[in-house]
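Lettering of chains follows the sequences in order, A, B, ..., and the numbering in each one begins at 1.
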Amino acid sequence: MDPSAEPRPGGRGAPLPRSFYTREDVVLIARELLGKLLVTQIGGIMTGGLITETEAYAGADDRASHAFAGRRTPRNEPMYAQGGTTYVYLCYGIHHLFNVVTHARDVPHAVLIRAVHPTIGLAHIASRRAPAAPTTHGPGTLTTALGIRTHHTGLDLLGGPIGIEDIGMRPTGNDLLIGPRIGVDYAGADAQRPYRFRIAPSRLPMILR
DNA sequence: ATACCGATTAACT
DNA sequence: GTTAATCGGTATA
C-alpha cells in the first residue's frame with residue numbers, strides 16, 4: 001500500500017496511556033483532548049480524525065450530566081467505569097453520541113466529543129455519510145463518519161476498536177476557544193459553565209501544516 | 001403498560 | 001429565524 005495515498009496530517013501517534021484518562025480534572029482532560037487523533041477500526045475499515053471540539057460533563061454535581069445526583073442506570077453504567085472507557089448513547093432516537101469516560105471507577109465523569117477533522121480513511125468516511133451531509137462537525141455526524149454506534153458503549157479505549165492517540169498537537173492561546181456547552185439549557189446555571197472547548201476554525205489550516 | 005423527552009440534525013421560511 | 005424526524009431510556013402507575 002502506498003503510504004502517500006491519502007492526506008494524513010501528523011500521521012499516526014502514540015495511544016494515550018491509562019493515566020491520561022484517570023486524572024481527576026475532567027475539564028482539563030476535555031481541553032487536552034483537542035488535537036488528539038480519534039481512530040476507529042470497525043468492520044475492517046480504519047477511519048480517524050483530529051478532535052476539534054469537546055465538552056466536559058462533571059458527574060454527580062453537574063445538572064447537565066446523565067449522572068447528575070448519582071443517577072445510575074443501564075444506559076449510563078459505562079460512565080461509572082474507569083477512565084479510558086467509551087460511553088455511547090442514542091440521542092433524539094437518531095444520533096449516536098460518543099463520550100470518553102474519565103477519572104476513577106464509580107466517578108461518572110465524561111467528555112463528549114463534538115467534532116473531528118477527518119484525516120484517515122477519507123473515502124470510507126465519505127461513503128458512510130449521507131450524500132447531502134456537508135460536514136463531520138457535530139456529535140451525531142462524527143460518529144456516523146467513524147462508524148461508531150451505541151453497541152460500542154462500555155469499550156476500553158486501550159486495545160479496542162476505538163482509540164485515541166497523541167500526535168503532538170497542543171492547541172493553546174488564540175488557537176483555543178472556550179465557552180458554555182451546547183443544548184443543555186435544561187441544566188439551569190450549570191449550562192453556563194465554560195466546559196466547551198474547540199480549536200478555532202480559522203486556525204485549523206495553520207495547525208494542520 | 002403508558003407517557004414523556006432528549007448532550008441533534010437537516011431542511012425549511 | 002423555525003420545525004419535523006425518530007425511538008430508546010426513564011419515570012410513573
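- Taking atom CG of D185(A) as the reference point, atom P of dG6(B) lies 10 Å away to the nearest angstrom.
- Pair check for dG6(B) finds dC7(C); Watson-Crick or G-U wobble, both atom distances under 3.5 Å.
- Atom OH in Y92(A) sits roughly 6 Å away from atom P in dT8(B) (whole-Å rounding).
- Stacking is found between Y57(A) and the pyrimidine-like six-membered ring of the dA7(B) base under the 5.5 Å centre-distance and 30° plane-angle cut-offs.
- Checking the phosphate oxygens (OP1, OP2) of dG8(C), no side-chain nitrogen or oxygen of R75(A) falls inside 4.0 Å.
- We find that CD1 of I94(A) is positioned 9 Å from C1' of dA4(C), with the value rounded to whole Å.
- Under a cutoff of 6.0 Å and an axis angle of 45°, R71(A) and F68(A) do not form a cation-pi pair.
- Using a 4.5 Å cut-off on side-chain heavy atoms (C-beta onward), F98(A) and T86(A) make contact.
- Considering only side-chain N and O atoms, R114(A) lies under 4.0 angstrom from the phosphate OP1 or OP2 of dT8(B).
- Going from atom CZ of R193(A) over to atom C1' of dA7(B) covers 14 Å, rounded to whole Å.
- Remark: P of dA10(B) and NE2 of H137(A) are 12 Å apart, rounded to the nearest angstrom.
- Taking atom CD1 of I182(A) as the reference point, atom P of dG6(B) lies 16 Å away to the nearest angstrom.
- The side-chain heavy atoms of I42(A) and L146(A), taken from C-beta on, include no pair separated by under 4.5 Å.
- You'll find a donor-acceptor pair under 3.5 Å spanning the side chain of H66(A) and the base of dA7(B), going by distance alone.
- The separation between L90(A) atom CG and dT6(C) atom P is 13 Å, rounded to whole Å.
- Considering only side-chain N and O atoms, T73(A) lies nowhere under 4.0 angstrom from the phosphate OP1 or OP2 of dG9(C).
- Note on L97(A): only backbone sugar-phosphate atoms sit closer than 4.0 angstrom, heavy atoms only; bases stay farther off.
- Among the atoms of the strands shown, none is found under 4.0 Å from any heavy atom of R181(A).
- Annotation: cation-pi pair R181(A)/Y195(A) absent, no NZ/CZ under 6.0 Å from the ring centroid and within 45° of its normal.
- Electrostatic pairing of D106(A) and R72(A) counts as a salt bridge here, judged by a charged N lying under 4.0 Å from a carboxylate O.
- Per the geometry, CD belonging to E53(A) stands 14 Å off C1' belonging to dT9(B), to the nearest Å.
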